[in-house]
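Since the structure comes first, as structure tokens, the remarks are kept for the end.
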Protein chains: 2
Amino acid sequence: MSHRVTMRDVARAVGVSPMTVSRALRDDETVNAKTRHKIRQVANDLGYVYDTTAQAFRTQKSGFVAVTLPSINNANFAETFRGLSEGLGQSGMQLLLGSTNYQVDKEEELVRQLLTRNPEAIVLTGGHHTDETRALLSARNLPVIEIWDLPAAPLGHVVGFSNASAMAKVVTHLAEKGRYRLGFVGASENTDLRGASRRAGVIAAAAELGLPDVTIIDAGSAPVSMRHGAQAVSDLGDAVSELDALVCVSDPVAFGALSECRRRGLKVPSDIAVTGFGNFEVASVSDPRITTVGVTAREIGMQVAALLDDLFAGEAGDLPRIVDVGSRLVPGETS
Amino acid sequence: MSHRVTMRDVARAVGVSPMTVSRALRDDETVNAKTRHKIRQVANDLGYVYDTTAQAFRTQKSGFVAVTLPSINNANFAETFRGLSEGLGQSGMQLLLGSTNYQVDKEEELVRQLLTRNPEAIVLTGGHHTDETRALLSARNLPVIEIWDLPAAPLGHVVGFSNASAMAKVVTHLAEKGRYRLGFVGASENTDLRGASRRAGVIAAAAELGLPDVTIIDAGSAPVSMRHGAQAVSDLGDAVSELDALVCVSDPVAFGALSECRRRGLKVPSDIAVTGFGNFEVASVSDPRITTVGVTAREIGMQVAALLDDLFAGEAGDLPRIVDVGSRLVPGETS
DNA sequence: TTGAAAGCGTTACCAT
DNA sequence: ATGGTAACGCTTTCAA
């Protein structure tokens with residue numbers, strides 16, 4: 001197999017220097033229009049393909065933005081990724097995606113791996129990281145954006161919302177409906193950290209309102225999904241009758257819980273209320289519609305893209321930007 | 001800002017040459033064990049991070065495998081990606097993901113973009129591509145793997161299954177249950193091509209069995225999901241009573257259809273049967289459970305990873321590999 | 001077991 | 001408007 005076609009080859013064929021080819025291909029106006037045209041044509045004829053790797057190497061700019069998600073198989077995170085991806089379309093940046101499987105150790109390994117690609121910015125889902133991850137990131141002069149949370153001690157920029165205050169809205173809503181005895185259905189402690197924030201939010205809000213202690217219902221280790229919600233209700237058995245509402249960590253979990261309630265002949269919401277989180281499609285299509293919390297997953301991605309645009313354009317100012325996209329209660333028919 | 005830490009710096013600090021550092025970091029046995037250890041430690045202390053871009057440049061191997069998915073927000077494709085990602089863990093390859101939004105033009109643009117990163121292989125979801133995409137790919141000496149389909153004229157390797165024969169299983173199942181008047185719920189023609197294959201499969205199977213003409217119910221443009229399934233049933237109105245079964249292009253669509261049937265007071269399956277595709281979690285958790293077709297989304301990814309391993313190890317032989325992972329009917333309570 | 005030299009393809013910088 | 005030179009950080013190759 002013959003050697004690959006480089007700018008050199010194009011230059012030789014046209015009778016100019018490689019520099020001129022480089023300029024021409026970038027549509028540099030200082031290159032004679034005719035020459036530019038000729039170069040483009042010859043490049044095409046020779047089957048020249050631009051080498052981004054060489055460019056990244058020479059300029060020390062990879063054109064990558066690294067992104068970590070807890071799971072790619074999650075409609076909310078996928079929407080965030082999509083928003084980011086679409087919003088970044090203009091800037092020519094490419095996303096380098098990795099999934100942590102909800103584990104901070106895995107995140108550390110992933111960050112280490114992603115950093116070897118010299119990303120120009122890194123987007124981390126969540127605000128919990130290992131010390132080593134923090135060290136790795138602060139050793140570099142790299143914009144860091146944490147999303148889907150409002151960390152107490154951010155690494156840099158933030159685009160997220162308060163999981164605790166979102167849950168407070170749910171608890172308040174339930175209390176107003178006369179639902180006092182709450183069960184929280186989520187992953188075991190210490191695996192899903194966003195889930196843990198939500199649980200803490202429920203407990204705090206219930207205490208604040210003087211409700212009885214929240215019953216914690218362990219649905220297994222993260223990621224918890226529909227089947228875990230169903231299993232949790234099934235495991236509860238008759239104990240479910242001592243609760244007024246099942247506050248679930250996410251809509252899939254809530255849907256699983258709702259389905260299992262139905263199977264067991266429980267009427268929702270008359271026998272028990274069920275709430276979710278995330279305003280997934282299933283919440284609004286399910287019959288009955290599930291009461292949930294709307295989070296603007298897609299907008300988080302778009303806000304991040306906007307922030308990155310500003311950062312790359314040098315228009316972001318010096319201070320870390322903290323964007324709270326908020327959340328809102330979306331009442332359904334299950335409460 | 002100080003200059004970035006390179007192998008040179010590590011070498012200087014340890015008192016060896018950069019070459020020795022390079023070898024040591026790759027765990028080359030020829031380097032003295034003690035020296036190796038020392039180097040690793042110093043590298044760590046200095047906060048050295050390996051530069052994959054430089055490596056890719058020097059070796060002319062990017063370490064990337066490019067992947068296109070119609071949508072990242074789809075549990076099946078996400079599982080395939082995960083299977084691939086995990087299976088590829090060993091080989092050190094990194095995935096470069098792009099989403100086509102179910103459009104072949106978008107795919108072309110994406111392929112073009114991905115190719116500038118010199119991927120060592122490319123994985124395309126589906127077997128339909130623009131001529132330009134085909135040309136771009138065949139101009140390169142690059143392994144191509146098409147997945148989630150069994151294309152008539154593959155570009156290279158294939159890991160997929162027949163959408164048509166999968167649908168035939170559904171139609172046969174329904175016919176055995178005495179369901180003859182079928183409606184197919186899917187995206188409009190020419191957007192979702194996998195969906196179009198499924199529709200064609202339903203029509204062919206119905207004809208084969210001598211069933212009445214299949215009623216085609218347009219659920220909008222791809223990607224169609226839960227709300228589209230619900231909307232389609234809603235749009236049908238009373239016409240739904242002339243059908244024995246709604247054959248849906250995917251489980252989310254089936255779930256939407258099922259929910260809307262319930263809302264309208266239709267009993268499933270006594271008044272009408274509903275089937276889905278993909279064995280999504282919602283199919284098995286929903287009450288009633290949805291009859292669906294099981295496709296091994298995760299396994300497709302793992303098979304691709306295995307194939308890539310062989311390719312990179314030079315053990316794949318010369319012929320394109322065609323892997324049919326098959327599909328199976330998963331009877332539920334909706335038929 | 002270790003090192004020196006060269007080069008991967010591009011572009012920043014300075015000259016002309 | 002165009003070109004020459006050097007350099008980005010690493011690894012292949014050969015030599016010691």
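It should be emphasised that the depicted structure is a prediction, and the values quoted were computed from it without experimental measurement. We use all heavy atoms of the structure for the numbers below, so side chains are in, but hydrogens, waters and symmetry mates are not. Residue numbering restarts at 1 for every chain, and letters A, B, ... go by the order of the sequence lines.
Taking B:Val49 as the reference, A:Leu115, A:Thr116, A:Arg140 meet the side chain to side chain contact (heavy atoms under 4.5 Å, CB included) condition, with sequence neighbours excluded. Residues forming a side chain to side chain contact (heavy atoms under 4.5 Å, CB included) with A:Ala13 (at least two apart in sequence, or on another chain): A:Val42, A:Leu46. Legend: residues meeting side chain to side chain donor-acceptor pair (under 3.5 Å) with B:Thr20, ordered by chain and number and at least two apart, are B:Ser17. For B:Thr68, the side chain to side chain donor-acceptor pair (under 3.5 Å) criterion is met by no residue, not counting sequence neighbours. In this view, B:Arg26 and B:Ser22 satisfy the side chain to side chain donor-acceptor pair (under 3.5 Å) rule, not counting sequence neighbours.
Relative to the axis of its first five pairs, the axis of the last five pairs of the helix from C:dT1-D:dA16 to C:dT16-D:dA1 sits at 30°, rounded to 10 degrees.
A:Asn32 places a side-chain N or O within 3.5 Å of a backbone atom of A:Lys34 that can act as its donor or acceptor partner. Looking at B:Thr80, its side chain does come within 3.5 Å of a backbone N or O of B:Ala297 through a donor-acceptor pair.
Look at B:Lys106 and B:Glu109 and you find no salt bridge, because none of the NZ, NE, NH1 or NH2 atoms lies under 4.0 Å from a carboxylate O. With respect to the salt-bridge test (charged N to carboxylate O, under 4.0 angstrom), the residues A:Lys38 and A:Asp45 do not qualify.
Atom C1' of nucleotide C:dC8 and atom CG of B:Asn118 are separated by 12 Å, given to the nearest angstrom. Atom-to-atom, CZ of A:Arg8 to P of D:dA6 comes out at 15 Å; the value is rounded to the nearest Å. C:dT10 atom P lies 9 Å from atom CG of A:Leu25, rounded to whole Å.
Within a heavy-atom distance below 4.0 Å of DNA chain D, the residues of residues 38-63 of chain A found are A:Phe57, A:Arg58, A:Gln60. Across residues 26-35 of chain A, A:Thr30, A:Val31, A:Asn32, A:Thr35 each have a non-hydrogen atom less than 4.0 Å from an atom of DNA chain D (numbered order).
The side-chain hydrogen bond (donor to acceptor under 3.5 Å, both in side chains) analysis of residues 94-103 of chain B, with sequence neighbours excluded, yields the pairs A:Gln113-B:Gln94, A:Arg117-B:Gln94. Within the structure, side-chain hydrogen bond (donor to acceptor under 3.5 Å, both in side chains) pairs that include any residue of residues 298-315 of chain B comprise B:Glu86-B:Arg298, B:Glu299-B:Gln303, B:Asp310-B:Arg321 (at least two apart or interchain). Sorted by first then second residue, the salt bridge (charged side-chain N to carboxylate O under 4.0 Å, His left out) pairs that include residues 120-139 of chain A, not counting sequence neighbours, are A:Arg112-A:Glu132.
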Considering only nitrogen or oxygen atoms on both sides, find all protein atoms under 3.5 Å from nucleotides 13-16 of chain D and state each distance.
none

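For the OP1/OP2 pair of C:dG3 and a distance below 4.0 Å, the side-chain nitrogens and oxygens of B:Thr20 include at least one atom meeting the criterion. Look at B:Ser17 and you'll find a side-chain N or O under 4.0 angstrom from OP1 or OP2 of C:dG3.
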Go through B:Phe64 and A:Phe64 one step at a time and tell me if the ring-ring contact (aromatic ring centres under 6.0 Å, His included) criterion holds. CA-CA 13 Å; B:Phe64 281 128; A:Phe64 283 128; 5.6 Å; yes
